[in-house]
Q: 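Take this structure first; my questions come after.
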Amino acid sequence: QVQLVESGGGLVQAGGSLRLSCAASGRTFSSGAMGWLRQAPGKEREIVAAMDWSGAYTYYGDSVEGRFTISRDNAKNTVYLQMNSLKPEDTAVYYCAARGVGRLRAGLAPAEYDYWGQGTQVTVSS
């Protein structure tokens, strides 16, 4: 079993920045791919950013490309999401997610993830 705990959400003005962190425990951190997803009220959960097990490959959703950066520190069992130039439409609950052991490629859809954090709210005011 994998436990994921997100932190770093909050309220920020448009144009501002936030950094989300996700601490993982329960397995060898580098044994699976990681990702960040979000869900806004009334909308489906969507992929924001994803990274393979090594960190060499990253993927970003079209709406965040160039503004958000995913990174991971395997020594600290932590994955990060740096969010810059935030927009009101970025408002959502953000989830950290992990693929199962041996699933090394970045997951590009919610169904590809096996473990989820509890979510952290990000609110961007205009």
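This is a predicted model, so every value here is computed, not measured.
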Q: Could you check Glu89 against Thr91 for side-chain hydrogen bond (donor to acceptor under 3.5 Å, both in side chains), going step by step and ending with a plain yes or no?
A: CA-CA 5 Å; Glu89 50 264 43; Thr91 295; over 6 Å; no

Q: Has the side chain of Glu6 got a donor or acceptor atom that lies under 3.5 Å from a matching backbone atom of Cys96?
A: yes

Q: Would you name the heavy atoms of Gly100 and Asp114 that are closest together and state the gap between them?
A: N-OD2, 2.5 Å

Q: Can you get from Trp53 to Leu37 by hopping between Ile, Leu, Val, Met, Phe, Trp and Tyr side chains that sit under 4.5 Å apart?
A: no

Q: Can you tell me how far apart CG (Asp52) and CZ (Arg103) are? Round to the nearest 0.5 Å.
A: 14.0 Å

Q: Measure across Val2 and Leu4 and return the closest heavy-atom pair with its distance rounded to 0.1 Å.
A: CG1-CD2, 3.8 Å

Q: Any chain of hydrophobic side-chain contacts (each under 4.5 Å) joining Val93 to Val124?
A: no

Q: For a quick check under 3.5 Å, do Thr78 and Asp73 share a side-chain donor-acceptor pair by atom type?
A: no

Q: If hydrophobic clusters are built from ILVMFWY residues whose side chains come within less than 4.5 Å, do Ile47 and Trp36 share one?
A: no

Q: Looking at every heavy atom in both Gly107 and Tyr113, which two are closest together, and how far apart are they?
A: O-OH, 2.7 Å

Q: Are any side-chain N or O atoms of Glu65 and backbone N or O atoms of Gly61, one a donor and one an acceptor, separated by less than 3.5 Å?
A: no

Q: For the atom pair CG (Leu81) and CE (Met34), what is the distance rounded to the nearest 0.5 Å?
A: 11.5 Å

Q: Measuring from atom CG of Leu20 to atom CZ of Phe68, what distance do you get when rounded to the nearest 0.5 angstrom?
A: 8.0 Å

Q: To the closest 0.5 Å, what do you measure between OH (Tyr59) and CZ (Arg105)?
A: 13.5 Å

Q: Within 45 degrees of the axis of the six-membered ring of Tyr115 and under 6.0 Å from its centre: does Arg99 put its NZ or CZ there?
A: no

Q: Under 4.5 Å between any side-chain heavy atoms of Arg67 and Asp90, yes or no?
A: yes

Q: Is the cationic atom of Arg45 (NZ for Lys, CZ for Arg) positioned less than 6.0 Å from the six-membered ring centroid of Trp116 and within 45 degrees of its normal?
A: yes

Q: What distance separates Gln118 CD from Gln3 CD, expressed to the nearest 0.5 Å?
A: 12.0 Å

Q: Could you report the tightest heavy-atom contact between Ala14 and Pro88, atom names first, then the distance?
A: CB-CD, 4.1 Å

Q: What's the separation between atom CG in Leu18 and atom CG in Asn84, rounded to the nearest 0.5 Å?
A: 9.5 Å

Q: Is there a donor in the side chain of Gln13 and an acceptor in the side chain of Ser125, or the other way round, less than 3.5 Å apart?
A: no

Q: Provide the closest heavy-atom pair for Tyr95 versus Gly117 in the form atom of the first, atom of the second, distance.
A: CD2-O, 3.6 Å

Q: Can you give me the closest heavy-atom contact between Met51 and Ala106, atom names plus distance?
A: C-CB, 3.8 Å

Q: Honestly, is Arg72 close enough over Tyr80, meaning NZ or CZ under 6.0 Å from the six-membered ring centre and within 45° of the axis?
A: no

